[in-house]
Asks: 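First the structure, which I've put down as structure tokens, then a few questions once you've had a look.
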Amino acid sequence: MKRIAIYGKGGIGKSTISANLSAALSERGLKVMQIGCDPKADSTMYLAREKVPTVLNVLKEKKNAIQLSDFVKEGFNGVLCVEVGGPTPGVGCAGQGIIAAFQQMKKLNAIETYQPDVVIYDVLGDVVCGGFAVPLRDGYAEDVYIISSGERMSLYAAYNISRAVQNFRSRGYATLKGLIFNSKGGENEVQRVHEALEEIGTNLFHKFPRDPVVQQCEKEKKTVIEGAPNSKLANEYRELARKVMEQ
Ligand code: ADP
Ligand code: SF4
Ligand code: MG
């Protein structure tokens, strides 16, 4: 089983890339489980075509009566969709929520039950505190990818995420496989990303252009792989899927 974590600043395109990567992997005949670890809980929205009930909400509601089928929903091409969820705004800790949700999934034998070939964790990387770093530890993810544009704040987040990965590396946990450049346009963007790579301590793994086909497909509540399977961007996501599996 391949275990991948996708990190990056909020709004940078983690869920778009994760969902299309999952869809592209499913086209290759792989069983994929995508786990959204962002209080926004919209990681799998375009795979499932609707908002998936979060582990934390279901747990609050059903307590010990919680079952896997309450929060594991099948989306496009059989991709298994899970959303950790988040705390009530202003109360609680999102990181603790991730820990609680992971423990609950373990207790219910989620991985053993569904036996996915690939698990993708889509994780908010603005604050790489102990909670949001959980997917990097305890054997959850093995390969980490950071998504960034050329914007200063997203490169700053990328640097912090890389530092967090390095902190755990010596203990045999996840390793950083590269930076995925999701273009937002703007002056000198490519140059800024290339200059930042050395400081972040990684290589450029893949580059995605900004493409309005993403929004066109979102209107139909679909990933690009599903909504525009013959588009150039769909093929870029497929290329990412191929490269990720080769790692
Ligand atoms: P995150 O999960 O990092 O918060 P999202 O995946 O939700 O970010 O992306 C934020 C917005 O950026 C989405 O509304 C999506 O339409 C847009 N987006 C992402 N990637 C692209 C792209 N390659 N081209 C055009 N729009 C994109
Ligand atoms: Fe929890 Fe991290 Fe937020 Fe602190 S920064 S409250 S540890 S999620
Ligand atoms: Mg997201």
Side-chain angles (χ1 to χ4, degrees), residues 1-9 12-37 43-44 47 77-82 102 111 114-125 128 132-149 154-155 157-183 193-194 196-209 223-225 233-247:
M1 185 176 71
K2 206 161 186 59
R3 305 180 306 270
I4 299 166
I6 308 252
Y7 274 81
K9 182 187 166 296
I12 204 63
K14 296 181 293 298
S15 300
T16 307
I17 290 174
S18 300
N20 279 289
L21 174 60
S22 291
L25 289 168
S26 78
E27 281 185 338
R28 298 168 75 94
L30 296 164
K31 184 104 202 141
V32 188
M33 178 181 270
Q34 181 169 321
I35 305 177
C37 304
S43 174
T44 58
L47 284 167
N77 224 1
V79 175
L80 300 161
C81 304
V82 178
F102 280 17
I111 300 296
Y114 293 100
Q115 302 203 340
D117 301 303
V118 187
V119 180
I120 297 178
Y121 298 95
D122 168 6
V123 200
L124 182 64
V128 200
F132 284 109
V134 170
L136 304 176
R137 307 192 307 250
D138 307 334
Y140 285 110
E142 54 188 351
D143 297 351
V144 181
Y145 297 91
I146 304 175
I147 301 181
S148 182
S149 68
S154 78
L155 288 169
Y159 175 72
N160 278 338
I161 296 156
S162 164
R163 291 270 306 275
V165 178
Q166 276 169 27
N167 277 339
F168 295 121
R169 200 179 182 173
S170 57
R171 300 179 219 171
Y173 292 149
T175 45
L176 180 57
K177 295 291 179 183
L179 185 112
I180 298 173
F181 176 14
N182 200 32
S183 173
V193 170
H194 279 276
L197 283 172
E198 197 180 338
E199 207 170 336
I200 296 168
T202 194
N203 59 299
L204 184 63
F205 192 78
H206 201 79
K207 179 179 184 296
F208 288 104
T223 59
V224 175
I225 294 287
L233 192 60
N235 284 332
E236 289 292 336
Y237 292 127
R238 290 186 185 107
E239 178 62 6
L240 177 68
R242 185 190 66 75
K243 282 165 42 178
V244 157
M245 287 315 288
E246 275 178 10
Q247 285 295 306

Asks: To the closest 0.5 Å, what do you measure between OH (Y145) and CD (Q247)?
Replies: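 Nearest 0.5 Å value for the OH-CD distance: 4.5 Å.
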
Asks: In the structure I gave you, are the side-chain heavy atoms of D138 and Y173 within less than 4.5 Å of one another anywhere?
Replies: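 Yes, close enough: below the 4.5 Å cut-off.
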
Asks: A quick test of your reading: do over 12 heavy atoms of other residues, nucleotides or ligands sit less than 6.0 Å from CD of E199?
Replies: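 12 or below, so no.
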
Asks: Between CG of L179 and CG of L155, what distance do you get to the nearest 0.5 Å?
Replies: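 If I round to the nearest 0.5 Å, the distance is 7.5 Å.
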
Asks: Would V165 and L136 satisfy side-chain contact (heavy atoms from CB on, under 4.5 Å), going step by step from the backbone distance to the final call?
Replies: CA-CA 7 Å; V165 178; L136 304 176; 4.0 Å; yes

Asks: Tell me every residue that passes side chain to side chain donor-acceptor pair (under 3.5 Å) with N160, counting only those two or more places apart in sequence or in another chain.
Replies: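 Per chain and number, N160 pairs via side chain to side chain donor-acceptor pair (under 3.5 Å) with no residue.
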
Asks: Can you see which heavy atom on A5 is nearest to which on Y7, and at what distance?
Replies: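 Between these two residues, the closest heavy atoms are CB-CE1, 3.8 Å.
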
Asks: Does a side-chain heavy-atom distance below 4.5 Å link T202 with I146?
Replies: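 Heavy-atom side-chain distance check fails, nothing below 4.5 Å.
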
Asks: Name all residues meeting the salt bridge (Lys or Arg N to Asp or Glu O under 4.0 Å) criterion together with R242; count only those two or more places apart in sequence or in a different chain, and write none if there are none.
Replies: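 Testing R242 for salt bridge (Lys or Arg N to Asp or Glu O under 4.0 Å), a comparison that skips the adjacent residues, returns E239, E246.
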
Asks: Decide yes or no on side-chain contact (heavy atoms from CB on, under 4.5 Å) for V244 and D143, but give the supporting numbers first.
Replies: CA-CA 9 Å; V244 157; D143 297 351; 5.9 Å; no

Asks: Residues two or more places apart in sequence or in another chain: which of them pass ring pair (Phe, Tyr, Trp, His ring centres under 6.0 Å) with F102?
Replies: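 With sequence neighbours excluded, F102 shows a ring pair (Phe, Tyr, Trp, His ring centres under 6.0 Å) to Y121, Y140, given in chain and number order.
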
Asks: Taking salt bridge (Lys or Arg N to Asp or Glu O under 4.0 Å) as the definition, give me every residue that meets it alongside K31, ordered by chain and number, with sequence neighbours left out.
Replies: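 Partners of K31 by the salt bridge (Lys or Arg N to Asp or Glu O under 4.0 Å) criterion come out as none, since no residue qualifies.
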
Asks: Which heavy atom in L47 sits nearest to a heavy atom in C81, and how many Å separate them?
Replies: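 In terms of heavy atoms, the two residues are closest at CB-SG, 3.8 Å.
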
Asks: Considering non-hydrogen atoms only, spot the tightest contact between G13 and I147 and give its length.
Replies: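 In terms of heavy atoms, the two residues are closest at O-CD1, 4.0 Å.
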
Asks: In Å and rounded to the nearest 0.5 Å, what is the CG to CD1 distance from L124 to I161?
Replies: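 Result: 8.5 Å between the selected atoms.
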
Asks: Got a sec, which residues hit side chain to side chain donor-acceptor pair (under 3.5 Å) with S183, two or more places apart in sequence or on another chain?
Replies: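 If we apply the side chain to side chain donor-acceptor pair (under 3.5 Å) test to S183, skipping adjacent residues, the hits are E189.
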
Asks: Can you name the side-chain contact (heavy atoms from CB on, under 4.5 Å) partners of Y114, sequence neighbours left out?
Replies: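 Expected list: M33, L68, V72, L80, P116.
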
Asks: Does NZ or CZ of K177 come closer than 6.0 Å to the centre of the six-membered ring of F205, within 45° of the ring's axis?
Replies: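 The answer is no, since K177 fails at least one limit relative to F205.
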
Asks: Is there a side-chain contact between M245 and L30, using heavy atoms and a 4.5 Å cut-off?
Replies: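 In contact.
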
Asks: Under the 3.5 angstrom rule, does the side chain of R3 hit a backbone N or O of G139 as a donor-acceptor pair?
Replies: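 Indeed, once roles are kept as given, a pair shorter than 3.5 Å links the two residues.
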
Asks: Between the main-chain N or O of A158 and the side-chain N or O of K9, is there a donor-acceptor pair closer than 3.5 Å?
Replies: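 Here the side-chain-to-backbone pair does not exist.
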
Asks: I need the I17 CD1 to I180 CD1 distance, nearest 0.5 Å.
Replies: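 Between atom CD1 of I17 and atom CD1 of I180 there are 5.5 Å.
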
Asks: Could I get the full list of side-chain contact (heavy atoms from CB on, under 4.5 Å) partners for S15, not counting sequence neighbours?
Replies: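 So S15 forms a side-chain contact (heavy atoms from CB on, under 4.5 Å) with D42, S43, D122.
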
Asks: Under the rule for salt bridge (Lys or Arg N to Asp or Glu O under 4.0 Å), what residues qualify as partners of E236, not counting sequence neighbours?
Replies: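 By the salt bridge (Lys or Arg N to Asp or Glu O under 4.0 Å) rule, E236 matches no residue at all.
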
Asks: If you look at every heavy atom in S149 and V193, which pair is closest and at what distance?
Replies: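 Of all heavy-atom pairs spanning S149 and V193, the closest is O-CG2, 3.7 Å.
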
Asks: Under 3.5 Å, which donor-acceptor pairs do the side chains of residues 19-28 form with other protein atoms, sequence neighbours left out?
Replies:
{"unit_1": "N20", "atom_1": "OD1", "unit_2": "V224", "atom_2": "N", "d": "2.9"}
{"unit_1": "N20", "atom_1": "OD1", "unit_2": "I225", "atom_2": "N", "d": "3.1"}
{"unit_1": "N20", "atom_1": "ND2", "unit_2": "T16", "atom_2": "O", "d": "2.8"}
{"unit_1": "S22", "atom_1": "OG", "unit_2": "S18", "atom_2": "O", "d": "3.1"}
{"unit_1": "S22", "atom_1": "OG", "unit_2": "Q34", "atom_2": "OE1", "d": "2.6"}
{"unit_1": "S26", "atom_1": "OG", "unit_2": "A23", "atom_2": "O", "d": "2.7"}
{"unit_1": "S26", "atom_1": "OG", "unit_2": "N77", "atom_2": "ND2", "d": "3.0"}
{"unit_1": "E27", "atom_1": "OE1", "unit_2": "R238", "atom_2": "NE", "d": "2.7"}
{"unit_1": "E27", "atom_1": "OE2", "unit_2": "R238", "atom_2": "NH2", "d": "3.2"}

Asks: Just jot down the ring pair (Phe, Tyr, Trp, His ring centres under 6.0 Å) partners of F208, sequence neighbours excluded, or say none.
Replies: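 Scan of F208 (ring pair (Phe, Tyr, Trp, His ring centres under 6.0 Å), adjacent residues dropped) gives H206, Y237.
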
Asks: Restricting to ring pair (Phe, Tyr, Trp, His ring centres under 6.0 Å), what partner residues turn up for F181, sequence neighbours left out?
Replies: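 With sequence neighbours excluded, F181 shows a ring pair (Phe, Tyr, Trp, His ring centres under 6.0 Å) to no residue whatsoever.
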
Asks: Specify the closest pair of heavy atoms between F132 and C37, including all atoms of both residues, with the distance to one decimal.
Replies: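 Heavy-atom minimum between the residues: CE2-O, 4.0 Å.
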
Asks: Given L176 and Q166, is the side-chain contact (heavy atoms from CB on, under 4.5 Å) satisfied, shown in steps?
Replies: CA-CA 8 Å; L176 180 57; Q166 276 169 27; over 6 Å; no

